[in-house]
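What you see is a predicted model, and the numbers here were worked out from it, not measured in a lab. Below, read A as the first sequence line, B as the second, and so on, with proteins coming before strands; counting in each chain starts at 1.
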Protein chains: 2
Amino acid sequence: MNSARREATRQKLYEAAVTLIAEQGFSSTTVDEIAERAGVAKGTVYYNFASKNDLFEELLRHGVGLLTASLREASEGAVASGGSNVDALDAMIRAGLEFIARYPSFTQLYVAELWRTNRAWQSTLMMVRQEAVAVVEKVLGAAVDAGELSDEIDVPLTASALFGMVLVAALDWQAFQPARSIDDVHAALSRLLQGRVGGPRV
Amino acid sequence: MNSARREATRQKLYEAAVTLIAEQGFSSTTVDEIAERAGVAKGTVYYNFASKNDLFEELLRHGVGLLTASLREASEGAVASGGSNVDALDAMIRAGLEFIARYPSFTQLYVAELWRTNRAWQSTLMMVRQEAVAVVEKVLGAAVDAGELSDEIDVPLTASALFGMVLVAALDWQAFQPARSIDDVHAALSRLLQGRVGGPRV
DNA sequence: ACTTTTAGACTGACCAGTCAGTTCAAAGAA
DNA sequence: TTCTTTGAACTGACTGGTCAGTCTAAAAGT
């Protein structure tokens, strides 16, 4: 069981697949392309994954797992160092931006597939999405309970909105003004979160 | 000459294509399927459009055209009836939600393709996106000039963020809690825009 | 008269998945 | 050390199916 070797191969396949699928979409990316980019024979793909679909599902699980961990860590870090729940939200925005900057392809691919219906990996995607969103909802709920945020807010909807705000702003940043610093982008989003856009002027 | 008959056929093809592509993606939707769903012979597709790609590009132009018109109308309506620029933004959020509720498939498909690189219709997509975003940016800019919004905000980035907020919240609404009323969703997003989430408590 | 649509057979390219055969690396044998 | 064995990992030509796009002659619409 040379599973270190195998693991390295799988990793190469993930990396090859993620960029190709982000660029072209799942269906128009061929297994031959993935194998070639990974520097591996086609058969190896099928030795390591049951099917093209399966490769993709495992890729999704793998990627969202990284995101969830990173969000959770950011939130816990903020709280541990004496921050409020709003600080935790802010830290999660930061972590989200960092994740997207680091794995732009994965993010593209995730967004492209998230709301598609009738696809084989639909249920996997929903599961994995729920895990990520739950992290945000939890902090949002805690902030409301602690009186930091208005108790009129709709937690799940606001979590979605925040998620979308970060997602779209970050993808646009990467696509259209990649030169800007992450601090810049973070500041703009923070401002929105903290109500300093449409709120009373300071 | 674009006869009325021809236009009706094209319309049927758009409608068939948009749902199929939203569900399955562009590449895994076949021209035969589109023709069948539209109740039209395959040859008719090629009589009306140069290729599958061309059909899709025209579909994108058509759809984003509707969105842009609707945003512009909402914004102008708000201003004409004596509203502030922030009211105009709010009206545009509403219009965005209505658009997504009415054309969920188009929205899915748009999001799925927006950040993809290396696709034939990439430039078309960028162009139409820019038109839509410009409408939001214009109002945002006017609001800053009028002193309604902090002049520290980054207009393009905030426009993206707002766009993303509406987009993701609406898609999640449609996908996971379709029973909720549009007013409900609108209220939650308004609150975020107006800074009543993270801002000072009332 | 002229435009548009029909029905569907056909072609050539493309591609997911298979499988018989080859290579690798580790563990033991000499 | 050097040789042999073993099973896991990998290879790539091949197969069977799918699909964009073409083409026809005839019908229907305006």
Rounding to an integer number of Å, can you tell me how far [X] [atom1] sits from [N] [atom2]?
X	N	atom1	atom2	result
Glu36(B)	dT6(C)	CD	C1'	15 Å
Arg10(B)	dT3(C)	CZ	C1'	15 Å
Arg6(B)	dC2(C)	CZ	P	17 Å
Glu7(A)	dC10(D)	CD	P	11 Å
Arg5(B)	dA27(D)	CZ	C1'	10 Å
Ile34(A)	dT11(D)	CD1	P	15 Å
Glu33(A)	dC14(C)	CD	P	11 Å
Asp32(A)	dG12(D)	CG	P	12 Å

Open item on the list: Below 4.0 angstrom, which residues in residues 46-54 of chain B have at least one non-hydrogen atom near DNA chain D?
Closed with: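 When residues 46-54 of chain B is checked for heavy atoms under 4.0 Å from DNA chain D, the hits, listed by number, are Tyr46(B), Ser51(B), Lys52(B).
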
How would you label the contact of [X] with the nucleic acid (heavy atoms, under 4.0 Å): base, sugar-phosphate, or nothing?
X	value
Val45(A)	nothing
Ser28(A)	nothing
Ser27(B)	nothing

Does [Y] offer a backbone N or O that forms a donor-acceptor pair with the side chain of [X] under 3.5 Å?
X	Y	value
Glu148(B)	Asn85(B)	yes
Lys52(A)	Phe26(A)	yes
Glu23(B)	Thr117(A)	no

TODO: Ignoring hydrogens and angles, answer whether the base of dG8(C) and the side-chain atoms of Lys42(B) contain a donor-acceptor pair closer than 3.5 Å.
DONE: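 Side chain to base: no pair below 3.5 Å.
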
TODO: May I ask you to decide whether Arg37(A) forms a salt bridge with Glu15(A), counting only side-chain N to carboxylate O separations under 4.0 Å?
DONE: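 Looking at Glu15(A) together with Arg37(A), the answer is no, because their closest N to O distance does not fall below 4.0 Å.
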
Task: Of Val64(A), Asp54(A), Val18(A), the residue whose pairing with Leu59(A) passes side-chain contact (heavy atoms from CB on, under 4.5 Å) - done: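 One option only clears the test, and that one is Val18(A).
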
Open item on the list: Checking side-chain contact (heavy atoms from CB on, under 4.5 Å) between Val185(B) and each of Ile93(B), Asp172(B), Leu97(B), which is the one that passes?
Closed with: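 Going through Ile93(B), Asp172(B), Leu97(B) one by one, the side-chain contact (heavy atoms from CB on, under 4.5 Å) with Val185(B) is satisfied by Leu97(B) alone.
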
Open item on the list: Taking 4.0 Å as the cut-off, does a side-chain nitrogen or oxygen of Thr9(A) come that near to OP1 or OP2 on dC10(D)?
Closed with: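 For dC10(D), OP1/OP2 do have a side-chain N/O of Thr9(A) under 4.0 Å.
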
Open item on the list: So, does Thr30(B) get its side chain near the phosphate of dC19(D), meaning an N or O under 4.0 Å from OP1 or OP2?
Closed with: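 No, outside the criterion.
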
Task: Exceeds 12 heavy-atom contacts within 6.0 angstrom, atom CZ of Arg180(A) - done: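 Counting neighbours around CZ of Arg180(A), more than 12 heavy atoms of other residues, nucleotides or ligands fall under 6.0 Å, so yes.
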
